[in-house]
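Side chains are part of it too, since the values below use all heavy atoms of this structure and drop only hydrogens, waters and symmetry mates. Everything numeric here is computed off the predicted structure, so don't read it as measured data.
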Amino acid sequence: MTTNAINNFRDATGTEIQPYYAAYMIEFGYRTPSEAKAAAGGNFDFMSWIGARWNEFFASKSMKTPEFKSRWACEFCEWLNGRSLDHLARQSVEAA
């Protein structure tokens with residue numbers, strides 16, 4: 001069983017965060033969405049970041065990024081979760 005870092009993720013205030021945004025917050029160490037928006041110039045950085053993650057996901061499958069990604073949403077979320085767990089593990093090691 002794989003631990004899921006991004007589904008049901010709650011920020012520092014206890015607010016549940018959308019999984020893709022949770023992965024973004026985990027990667028950059030933001031504790032709340034407002035902290036992320038203030039530090040990263042609104043949602044522009046998130047939109048660029050998530051687009052790059054989709055491209056990275058499809059590249060890992062040796063595929064071109066399709067125009068419609070919804071078919072791949074569940075698999076992408078699993079992949080993104082694994083990436084987030086890796087970031088959490090590295091942050092934990094660095095903090096020790």
Side-chain angles (χ1 to χ4, degrees):
M1 182 166 111
T2 304
T3 301
N4 197 314
I6 60 176
N7 284 336
N8 303 311
F9 179 85
R10 296 191 179 279
D11 71 5
T13 68
T15 302
E16 191 169 330
I17 304 299
Q18 192 273 349
Y20 294 0
Y21 207 79
Y24 173 73
M25 289 176 59
I26 288 168
E27 184 165 331
F28 292 99
Y30 299 128
R31 294 174 41 83
T32 63
S34 58
E35 180 183 331
K37 288 174 186 169
N43 279 328
F44 176 78
D45 284 352
F46 167 72
M47 296 305 291
S48 297
W49 178 86
I50 197 65
R53 298 300 68 80
W54 273 104
N55 292 339
E56 186 180 336
F57 167 73
F58 285 112
S60 75
K61 302 178 122 338
S62 300
M63 294 175 61
K64 278 181 57 176
T65 303
E67 185 175 338
F68 300 102
K69 301 176 188 113
S70 60
R71 175 178 180 259
W72 300 94
C74 289
E75 194 173 339
F76 174 71
C77 200
E78 288 176 22
W79 176 86
L80 194 59
N81 179 63
R83 197 174 187 284
S84 297
L85 286 171
D86 183 58
H87 279 283
L88 287 170
R90 280 191 265 140
Q91 289 171 2
S92 177
V93 169
E94 290 169 4

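- A 4.5 Å side-chain heavy-atom check between M25 and D11 finds at least one atom pair inside the cut-off.
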Expected list for residues 37-45: side-chain donor-acceptor pairs under 3.5 angstrom, two or more places apart:
unit_1, atom_1, unit_2, atom_2, d
N43, OD1, Y21, OH, 3.4

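- Two residues are said to be in side-chain contact when any heavy atoms from C-beta on lie closer than 4.5 Å; W79 and R53 meet this criterion.
- No side-chain heavy atom of N8 sits less than 4.5 Å from a side-chain heavy atom of P19.
- Expressed to the nearest 0.5 Å, how far CD1 of I50 lies from NZ of K69 amounts to 9.0 Å.
- Listed by chain and residue number, nothing satisfies the side chain to side chain donor-acceptor pair (under 3.5 Å) test with S48 (two or more places apart in sequence, or in another chain).
- Considering every non-hydrogen atom in both L88 and A5, the closest pair reads CD1-CB, 3.7 Å.
- Looking only at distances, no side-chain donor or acceptor of E27 sits under 3.5 Å from a matching main-chain atom of A23.
- Taking CG of N81 as the start and CZ of F9 as the end, the distance is 11.5 Å to the nearest 0.5 Å.
- The line from CH2 of W49 to CD of E56 is 9.0 Å long, rounded to the nearest 0.5 Å.
- Summarising the geometry, atom CD belonging to E78 is positioned 9.5 Å from atom CG belonging to N7; distances are rounded to the nearest 0.5 Å.
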**Item:** Worked check of side-chain contact (heavy atoms from CB on, under 4.5 Å) between F57 and R83
**Value:** CA-CA 10 Å; F57 167 73; R83 197 174 187 284; over 6 Å; no

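- A tilted orientation is assigned to the rings of Y30 and Y24, their planes being inclined by 30° to 60°.
- Residues F58 and F76 place their aromatic rings such that the two centres sit no closer than 6.0 Å.
- The OG1 atom of T32 sits 8.0 Å away from the CD1 atom of I17 when rounded to the nearest 0.5 Å.
- Side-chain N or O atoms of S84 include one that pairs as donor or acceptor with a backbone N or O of L80 at under 3.5 Å.
- One distance of note links OH of Y20 with CD1 of I6; it measures 8.0 Å at 0.5 Å rounding.
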